[in-house]
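Throughout, a chain's letter reflects where its sequence line sits, starting with A, and its residues are numbered from 1. A quick note: this is a predicted structure, and the numbers were derived from the prediction, not measured.
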Amino acid sequence: MRIATWNVNSVRARVDRAVAWLQRSDVDVVALQETKCKDAQFPYEAFREAGYEVAHVGLSQWNGVAVVSRVGLEDVEVGFPGQPGWSSSADVEAAPEARAIGATCGGVRVWSLYVPNGRSLEDPHLQYKLEWLAALRDAGAGWLAADPQAQVALCGDWNVAPQDDDVWDMSAFEGSTHVTQPERDAFYAVVDAGFADVVRPHAPGPGTYTYWDYKQLRFPRREGMRIDFALCSPALAARVGGASVDREERKGKGASDHAPVVVDLV
DNA sequence: ATGGCGTGGCATCCACGA
């Protein structure tokens with residue numbers, strides 16, 4: 001079975017490319033992030049015609065996550081237990097955002113996660129990000145405590161570069177989010193809870209990235225970030241036979257600013 | 001020194017992204 005995670009940066013703008021990529025790459029399950037649409041706007045039909053079922057949650061033009069599968073799609077769960085909400089201002093009640101959806105596909109519990117960006121070091125959004133990751137760690141630890149043999153994939157755009165080699169130039173990130181110690185600690189807390197980055201061993205750095213800004217010729221200059229990860233439970237990590245970042249899909253007109261990350265299970 | 005792109009929305013500028 002081949003699973004993948006991909007921040008598509010608008011599923012409607014990318015639907016032809018996304019379906020073509022799925023078929024060309026022989027992918028069974030993909031976790032999509034930043035679909036940027038409401039449920040009713042999702043292009044279900046294009047995926048269905050290609051043989052894929054879709055579980056999606058989208059509440060507005062922001063965020064939006066989906067699990068897309070051709071090997072079954074069961075027990076769909078919108079949001080993880082304890083997932084924090086967000087409020088854009090003090091007089092607005094915090095509400096859940098469309099940043100997490102889980103489904104069981106071919107016996108694997110696949111989560112599509114879009115971790116909050118954090119925006120800037122002074123922004124309340126950064127605290128939200130840290131709380132969100134802490135809650136995810138707790139939820140993940142709970143799943144493994146309930147079933148140590150669970151096959152769980154935490155797939156998504158984590159918006160954290162855990163190692164210095166995960167950005168092209170650390171000096172370009174002074175005073176920025178994504179590389180701070182608290183963010184890295186929050187990421188590694190999930191790892192310490194039992195979820196391993198199964199891609200890095202097969203796609204080592206430096207120079208392996210999953211995101212390149214549209215601006216400043218970042219992609220041709222090979223100036224990117226590794227921020228998209230598939231973190232797998234022990235039982236699932238034991239099945240991983242290979243993994244890669246599909247840098248080719250970042251090329252050309254109409255590409256997302258993120259490349260798909262692919263994991264092969266044996 | 002700044003911003004340079006791309007997407008979506010009660011749009012013709014704003015919010016958001018990393």
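For the pair A:H258 and B:dA18, the criterion of a side-chain N or O lying under 4.0 Å from OP1 or OP2 is met. Using a 4.0 Å cut-off, no side-chain N or O of A:N9 falls inside it from OP1 or OP2 of B:dG6. Checking the phosphate oxygens (OP1, OP2) of B:dG3, no side-chain nitrogen or oxygen of A:Y214 falls inside 4.0 Å.
Taking the P atoms as reference points, B:dA15 lies 14 Å from B:dC10, given to the whole Å. Of the P atoms belonging to B:dC14 and B:dG3, the separation is 14 Å, rounded to the nearest Å. B:dC13 sits 26 Å from B:dA18 when the P atoms are compared, rounded to a whole Å.
For the 3.5 Å distance criterion, the side chains of A:Y128 and A:E97 qualify, holding a donor opposite an acceptor. Between the side chains of A:R99 and A:Q83, no donor N or O sits under 3.5 Å from an acceptor N or O. A:H258 and A:N9 share no donor-acceptor pair across their side chains, judged by distance under 3.5 Å alone. Between the side chains of A:D246 and A:W6, not a single donor N or O lies within less than 3.5 Å of an accepting N or O.
Contacts of residues 54-64 of chain A with DNA chain B (heavy atom under 4.0 Å): A:Q61, A:W62.
As judged by a 4.0 angstrom heavy-atom cut-off over every strand, A:N117 is placed among the base-contacting residues. When heavy atoms are screened at a 4.0 angstrom cut-off, A:Y114 is found touching the sugar-phosphate backbone but no base atom. Heavy atoms of A:D123 sit nowhere under 4.0 angstrom from any nucleic acid atom. Heavy atoms of A:L217 sit nowhere under 4.0 angstrom from any nucleic acid atom. Contacts of A:Q41 with the nucleic acid, taken as non-hydrogen atoms under 4.0 Å apart, involve only primed sugar atoms and P, OP1 or OP2.
The 12-atom threshold is not exceeded at CD of A:E174, counting heavy atoms of other residues, nucleotides or ligands nearer than 6.0 Å.
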